[in-house]
Amino acid sequence: MLTCAATALRSSEIIALRWSDIHWEQGKISISKRWAKGRDGETKTASSTGTVPLHPVLAESLKEWHVQTPYPKHDDFVFPSLAKFGNVPIWASTFVQDHLRPAAIKAGVQIAPGQRYGLHNCRHSPATWLANAGKVAPKTVQGLLRHANVKTTLGLYTQDDSDEMQAAQGHS
C-alpha cells in the first residue's frame, strides 16, 4: 500500500517492478516497463519511462520486505505471485482484493459495498492532495505522475477541494 501511495505508479508498473529497479543509494526507482498480457511490455507513454523518487520511509519499508520475501534476487519481482513461485508478479486484482482494499478500509477510507476501489485511486488521491492541501506546483505533480501534459494532471487527476473553495469565496 505504501508503495502505491508514495509513488503513484500505474498498477502495471508497480507489479512489473524488480529489485534491480530499486536504486537505494540514489533514492529513486526506475520505471522502464509495465506488466501487460502476462509479460513485460513498454511503458504506457514515452513520458512514463524514467524514475520516481524513493522516499526514505518507503525505502525502509521496501528493505524490510526485501528481507522477508522468498524472492529477493536482483531480477525477482518486488511483488511476486507466491502461487506461481515468483515467476510472475502478483495479479493486480489479487493485490487489490487481498491487500489494498483491506488496508484502505483499515485506514478509514469509506468504501461502499460494490464501490470500485483499486490501484488507480492511488494515482488520483496523491494528485488531488498534492495540488490542493500540499500546495505543490502543478508541474511537480505532473512530473511525479509522469504525465506528458499538465492538462491531464489538472483536468483528469485532481479534484476540487470544497474547503479551499469555501475559503476562496470569503476572499471575493
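- Scanning both residues, Arg101 and Gln115, for their nearest heavy atoms gives NH1-O, 3.0 Å.
- Residues Asn87 and Ser81 form no side-chain contact, since every pair of their non-hydrogen atoms from C-beta on lies 4.5 Å or further apart.
- Remark: Lys33 engages Asp21 in a salt bridge, criterion side-chain N to carboxylate O under 4.0 Å.
- Under the 4.5 Å side-chain criterion, counting only non-hydrogen atoms from C-beta, Val78 is not in contact with Ile15.
- Atom NZ of residue Lys63 and atom CG of residue Leu58 lie 11.0 Å apart, to the nearest 0.5 angstrom.
- No side-chain donor-acceptor contact under 3.5 Å links Thr51 and Ser30.
- Looking at Tyr117 and Leu100, their side chains come closer than 4.5 Å, going by heavy atoms from C-beta outward.
- Counting heavy atoms from C-beta outward, Pro53 and Lys28 have side chains that stay 4.5 Å or more apart.
- Atom CD1 of Ile14 is separated from atom CD1 of Ile90 by 11.5 Å, given to the nearest 0.5 angstrom.
- Here the side chains of Lys73 and Asp75 are not in contact, with every heavy-atom distance at 4.5 Å or above.
- Phe85 and Phe95 are assigned to two separate hydrophobic clusters, defined by single-linkage of ILVMFWY side chains at heavy-atom distances under 4.5 Å.
- With contacts defined as side-chain heavy-atom distances shorter than 4.5 Å, the pair Trp35/Pro89 qualifies.
- From Leu54, atom CG reaches atom CD of Glu25 across 10.0 Å, with rounding to the nearest 0.5 Å.
- Put simply, the side chain of Thr7 gets close to the backbone of Thr3: a donor and an acceptor are under 3.5 Å apart.
- Aromatic pair Tyr71/Trp19: centroids not less than 6.0 angstrom apart.
- Distance OG1/Thr94 to CG/Leu82: 10.5 Å, rounded to 0.5 Å.
- Residues Val57 and Trp24 share a single hydrophobic cluster, defined by chaining ILVMFWY side chains whose heavy atoms lie under 4.5 Å apart.
- Ile105 and Ile111 make their closest contact through CG1-CD1, 3.9 Å (heavy atoms, listed as atom of the first residue, atom of the second, distance).
- Nearest heavy-atom pair across Ser32 and Thr49 is CA-CG2, 4.3 Å.
- Residues Val96 and Arg116 are not in side-chain contact: their nearest non-hydrogen atoms beyond the backbone lie 4.5 Å or more apart.
- Rounding to the nearest 0.5 Å gives a distance of 6.0 Å between CG of Leu17 and CD1 of Ile29.
- Side-chain atoms of Gln68 never come within 3.5 Å of backbone atoms of Trp65 as a donor-acceptor pair (strictly under, hydrogens ignored).
- Between Asp76 and Pro72 there is a side-chain heavy-atom pair separated by less than 4.5 Å.
- Atom CD of Glu42 and atom CZ of Arg34 lie 9.0 Å apart (nearest 0.5 Å).
- At least one donor-acceptor pair closer than 3.5 Å links the side chain of Glu13 to the backbone N or O of Arg10.
- Residues Phe77 and Gly86 share a closest heavy-atom pair of CD1-O, 3.6 Å.
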